[in-house]
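First up is the structure itself, then whatever we jot down about it.
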Amino acid sequence: MAKIELEKAYEASKSEDKIYQKWEESGLFNPDNLPGDRQEYFSIAMPPPNVTGILHLGHALENSLLDTQIRYQRMLGKRALLVPGTDHAAVATQARVEGDLKKQGMANPRQELGREGLLAKIREYAENSKSTILNQIRKMGTSCDWSRLAYTFDEPRSEAVNEIFRLMYEDGLIYRGYRVINWSVKGQSTCSDDELEYVDQKTKVYTFKYSADFPISIATTRPETKLGDTAVAINPNDERYQKYIGQKFTVDVGAKNPLTITIIGDENVDINYGTGAVGVTPAHSQIDFEMYQKNKEIGLIQVIGRDGKMTEEAGKEYVGLGINEAREKFVAYLQANNLLEKEEEITNSVGTSDRFGDIVEALPMEQWFIDVNKQIASRGRSLKELMREAVTVGHNGDNKKIVKIEPDRFQNVYLKWIDNLRDWNISRQIWWGHQIPIWYCDCGHYFYSSNTPDSCPKCNGKNLKQDEDTLDTWFSSGTWTFSTLGWPSESNDLLKFHPTSWMQMGYEILFFWMARMILMSTYALDDIPFKEAYIHGILRDKNGKKFSKSLGNGLDPIEMINKYGTDALRLSLLKGTAPGNDARFYEEKIEGTRNFVNKLWNISRYILQSVESAEIIKSEPESKTLSDQWILSQLNKTIDQATKYLNESQFSLAIEVLTDFTWNDFADWYLEIAKIEGDKNQILLYILQNLMKVWHPFCPFITEEIWSNFNAGMLMIENWPTSKEVDDKLVQSDFSLIKNIVSAIRNLRSENKIEPAKRISAIFLANNEENKVIIESQREIIEHLARLNELTIDQQNPETPKKIENAAANVIDGIEIYLPLEGLVDLKAEAKRLTKEIEEIEKYCKGIEAKLSNQEFVANAPAAVVNKEKQKLAEGQEKLEKLRNQLATFN
RNA sequence: GGACUAUUAGCUCAGUUGGUUAGAGCGUUCGAUUCACAUUCGAAAGGUCACUGGUUCGAGUCCAGUAUAGUCCACCA
């Protein structure tokens with residue numbers, strides 16, 4: 001049979017697309033098609049990338065995590081499902097398209113194109129972008145089930161959104177309310193508290209009085225809003241001002257009407273901060289609005305409009321002015337009238353819209369909200385409580401229905417956020433999104449309907465109009481884990497795959513997304529959305545800066561794939577990062593992993609070219625030499641560790657142990673021995689095949705490519721190797737003496753001083769045959785060498801290492817060689833260390849003995865404490881004995 | 001103001017119930033290399049694990065505090 005020849009170096013670009021196609025055509029990404037009796041289900045909902053652009057490194061990281069996990073689970077024999085999808089990303093997408101249109105010279109796309117026209121443009125953009133990003137996900141090798149492809153804005157998902165809206169509406173959780181909300185003038189839409197990005201700015205704080213005879217001074221950073229003040233709040237315990245509570249003052253500051261300022265008491269006002277009094281502007285501050293709700297009689301005056309300009313209420317002199325102009329004018333007025341007492345520069349932070357970038361205005365408006373505190377009749381508690389419960393005691397108190405957050409510190413972050421959570425504003429004034437399924441009739445009645453209703457259920461009127469607003473994009477994303485599985489119908493998928501098994505996301509969307517998924521799922525399905533949430537950090541560039549378009553420091557994953565291959569990219573993203581921590585990422589990292597991928601290729605190339613046929617080796621071949629025994633035990637140990645790490649989602653550590661074995665133990669060490677000892681094809685093939693399996697989740701392409709040389713099916717659906725019991729007697733450190741001898745010999749060989757083949761074998765065979773035991777420790781090797789040479793080992797004699805060197809040299813035919821034994825036989829130091837440790841533990845044991853012989857202690861201390869002391873003593877003595885025995889072998 | 005994270009080799013980072021001599025990759029230096037692989041191999045140098053205390057027989061690891069950097073939240077009258 002012809003030997004198998006591989007190309008000299010692995011060329012990813014030649015294989016990858018072909019292999020992905022093979023996988024996709026096999027239909028095996030779909031768990032329904034997986035062969036074998038797979039009882040256990042494993043599912044992941046892919047965090048849907050926004051249809052706003054192309055794949056970036058963050059996506060690449062997520063795909064690497066997701067696919068590694070799902071491939072591993074599939075190989076474990078589970079019905080593994082990874083549902084792919086995309087997110088319509090309401091605001092983000094519309095902002096993007098509007099921005100593009102403006103760049104092309106359209107001044108106001110909404111006006112010029114109208115709702116339908118603009119939506120068509122956005123749809124076109126989204127579809128394009130969607131197909132780009134889905135193809136890029138294929139490039140990443142992601143083994144998701146394309147037959148279940150979902151989109152947050154497609155029919156089934158819209159149905160889910162409408163249905164959950166109905167449920168919440170009927171439960172009274174969704175309500176329409178007049179509130180102060182965050183308004184982006186640029187985007188002409190509201191945004192939720194979480195969508196704000198706070199930036200520091202330098203600004204002035206002005207201390208002033210409304211009029212010369214007004215008794216209390218107040219301070220503000222927003223003078224222009226003071227035209228809408230209706231009250232001054234002071235602490236009711238403030239002796240300076242409490243006498244004014246309830247009094248009304250009329251002041252004329254130039255607004256349309258003179259202001260009536262009521263003095264109200266409020267516990268939250270800090271007596272010692274500033275002037276100890278707060279000017280209350282109910283229309284333009286959330287906190288002031290809350291005060292207004294408690295004291296409705298003070299009234300509310302809106303002086304800033306949706307266009308970001310002063311309203312008529314602000315007065316003739318101000319109407320139509322921008323914020324800054326109005327501010328200057330008002331400050332000038334204060335100065336002119338001698339009302340301004342102080343002007344200081346401070347740094348404060350202002351909320352900006354994360355999508356449109358402008359500073360948001362607080363405006364009062366009629367909007368849709370989700371009430372997070374209301375008791376839900378069917379659940380007996382509030383959404384807040386549901387959200388809290390799912391990560392603490394478990395949903396419904398069932399500790400099996402618990403969302404485990406990894407790393408767990410994010411649990412606190414999440415819980416803290418819930419504590420501060422206010423009602424969630426879900427309506428947006430943009431057009432790209434799920435339109436709110438509420439219809440208004442001329443008669444004033446409004447009602448829910450999932451489709452266009454015929455008539456008003458109250459008055460039978462036919463003139464109906466749907467609410468023009470759309471839903472916050474996170475409203476639909478929140479349903480993702482179950483809307484992708486067929487909810488609201490009781491589909492088979494839903495029964496089998498929900499709750500999903502695993503979820504991963506960056507910490508920056510913890511609140512946006514994880515919280516909303518938990519909310520939606522616990523509410524609508526009475527279950528958690530996923531069992532485990534793995535939180536990863538964000539990738540930064542070499543200098544620790546975030547990757548961003550504006551900085552131009554982005555690395556294009558597709559470019560990296562073309563240059564280094566997908567496997568290398570995937571490995572480099574997962575390597576050397578700990579869960580939840582940010583990681584720096586740069587091209588040299590990929591170079592390193594590319595080298596490793598190539599190593600994998602060359603190992604295979606070497607083995608395959610030397611074997612006659614590449615059958616699958618089903619069971620562990622018999623070992624003939626010590627080196628065989630060692631490498632196989634190393635393999636088993638490595639599989640064990642990698643499995644453990646993968647079960648804990650410790651991808652980086654799994655890669656580390658696998659790399660160490662593959663490169664150091666197998667390629668650099670065992671393959672070299674194999675060249676000398678010969679006749680190892682079975683073992684080589686066996687190890688190679690196992691390597692392909694364990695590397696497959698990380699490097700799916702190259703492993704599948706190599707696997708195709710065996711007479712077998714697809715690697716993707718092979719079973720994960722189970723390790724045979726590891727022989728603890730042969731651990732790596734015990735082998736290092738032999739390793740060192742061999743490397744010394746290899747050096748000699750390279751200097752052409754010896755022809756080593758027979759001699760290395762001699763060491764191994766001698767160890768095995770003459771003793772008929774496996775070497776247990778360095779010491780044993782030394783002793784063994786000593787016996788062969790009839791040497792007496794004198795641990796105390798400084799000459800000993802030298803003698804051992806000579807002995808080893810004799811074993812291999814009396815050739816004089818240098819053996820690097822330092823670090824291995826520093827027995828004196830070892831003995832000294834042991835003696836010291838024994839002394840310490842003796843002292844420790846004596847201490848406990850003394851305590852135990854103290855009658856008072858034994859009589860008075862609780863039994864548990866006494867027992868614990870006894871146990872400690874027993875442990876100490878046990879250890880002492882072990883150490884003494886160890887020391888004895890030295891003498 | 002409240003938290004969280006990080007601080008380990010020149011650089012980037014691992015180090016998960018406390019346990020022998022703290023690791024990796026890159027970089028540096030020296031050497032090797034027709035025989036799977038220069039996308040290679042061997043070796044070396046390089047560490048007061050930020051600092052100060054504490055707990056422990058034993059601390060990079062646990063506790064308290066300090067410093068520096070970063071992130072989040074709240075407040076911003």
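Note that the structure is a prediction, hence the values are computed from the model and not measured. The chains referred to below are lettered A, B, ... by the order of the sequence lines, with proteins before strands, and numbering in each begins at 1.
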Requested in this report: Decide yes or no, distance alone: a donor-acceptor N/O pair under 3.5 angstrom between the base of B/C73 and the side-chain of A/K416.
Outcome: no
Query - No-H, no-angle donor-acceptor pair, A/T577 side chain to B/C13 base, under 3.5 Å - result: no
Round to a whole Å and report the spacing from [atom1] of [X] to [atom2] of [N].
X	N	atom1	atom2	value
A/D193	B/C72	CG	C1'	15 Å
A/D668	B/A36	CG	C1'	12 Å
A/N664	B/G23	CG	C1'	12 Å

Requested in this report: Give, for atom OG1 of A/T638 and atom CD1 of A/I687, the distance between the pair rounded to the nearest 0.5 Å.
Outcome: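 With rounding to 0.5 Å, OG1 (A/T638) is 9.5 Å from CD1 (A/I687).
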Query - Electrostatic pair A/R422-A/D193, nearest N-O below 4.0 angstrom - result: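 Yes, charged N to carboxylate O under 4.0 Å.
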Query raised in the report: Taking NZ, NE, NH1 and NH2 as the nitrogens, is one of them in A/E591 or A/K589 under 4.0 Å from a carboxylate oxygen of the other?
Result: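 Salt bridge between A/E591 and A/K589, a charged N being under 4.0 Å from a carboxylate O: no.
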**Report entry** Ring centers of A/F596, A/W695 separated by less than 6.0 Å
**Finding:**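 That pair passes the under 6.0 Å test.
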Query - Qualifying residue, where the test is side-chain hydrogen bond (donor to acceptor under 3.5 Å, both in side chains) with A/K204 and the options are A/E344, A/E343, A/E345 - result: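 So the option named by the test is A/E343.
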Looking at [N], I'd like to know if its phosphate oxygens (OP1 or OP2) sit under 4.0 Å from a side-chain N or O belonging to [X].
X	N	value
A/K8	B/C37	yes
A/W663	B/C41	yes
A/K599	B/C41	yes
A/N581	B/C13	no

Report task. Report the nucleotide, chosen from B/C76, B/C73, B/A14, that has the shortest atom-to-atom distance to any side-chain atom of A/N420. Result -> B/C73
Query raised in the report: Which residue lies toward the 5' end of RNA chain B, A/A277 or A/R540, if each is placed at its nearest nucleotide?
Result: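 Taking each residue's closest nucleotide, the earlier one in sequence belongs to A/R540.
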Query raised in the report: Taking the nucleotide of RNA chain B with the closest heavy atom to each, which residue, A/V205 or A/A9, is nearer the 5' end?
Result: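 Its nucleotide being nearer the 5' end, the pick is A/A9.
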Report task. For RNA chain B, find the residues of residues 218-232 of chain A with a heavy-atom distance under 4.0 Å and give them by number; none if there aren't any. Result ->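 Those residues whose heavy atoms fall under 4.0 Å from RNA chain B, taken from residues 218-232 of chain A in numerical order, are A/A219, A/T220, A/T221.
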Query raised in the report: Under the side chain to side chain contact (heavy atoms under 4.5 Å, CB included) criterion, do A/K209 and A/I216 qualify, and how do the steps go?
Result: CA-CA 7 Å; A/K209 280 183 177 173; A/I216 304 169; over 6 Å; no
